[in-house]
Amino acid sequence: MAVTSAVIGSVVYSLPVDCSTVVVNGIGYQQCDNAWYQPRYAGTTVQYIVVDAPR
């Protein structure tokens, strides 16, 4: 389990600029330093859910 400054399960609406896209098991995640985010769409708005590092 990675230690992040973001709380697992919380929702953010924008990400830092230094993130990279990582695909694990066909799912795209955003990795920003030690934090991992999974995008979720609510209508036309993208929300990012803070998740544990995928395996």
Side-chain angles (χ1 to χ4, degrees):
M1 180 169 158
V3 176
T4 68
S5 59
V7 176
I8 302 298
S10 62
V11 177
V12 296
Y13 296 93
S14 63
L15 298 175
V17 296
D18 61 339
C19 297
S20 60
T21 301
V22 178
V23 178
V24 178
N25 296 324
I27 299 172
Y29 296 91
Q30 295 294 317
Q31 181 182 13
C32 310
D33 293 323
N34 290 328
W36 288 81
Y37 301 88
Q38 183 176 358
R40 175 177 71 184
Y41 294 88
T44 58
T45 303
V46 179
Q47 303 172 338
Y48 297 92
I49 310 303
V50 181
V51 296
D52 283 323
R55 301 174 203 202

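Atoms SG and CH2, on C19 and W36 in that order, are 10.5 Å from each other to the nearest 0.5 Å.
For the residue pair Q30 and T21, a side-chain donor N or O sits within less than 3.5 Å of a side-chain acceptor on the partner.
Residues V24 and R55 come closest through the heavy atom pair CG1-O, 3.5 Å. Contact between P39 and G28 at its shortest, heavy atoms only, is CD-O, 3.3 Å.
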Exercise. Could you check Y37 against V51 for side-chain contact (heavy atoms from CB on, under 4.5 Å), going step by step and ending with a plain yes or no?
Key: CA-CA 6 Å; Y37 301 88; V51 296; 5.9 Å; no

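No side-chain heavy atom of V7 sits less than 4.5 Å from a side-chain heavy atom of V50. In this structure, the side chains of Y48 and Q38 stay at 4.5 Å or more apart for every pair of heavy atoms.
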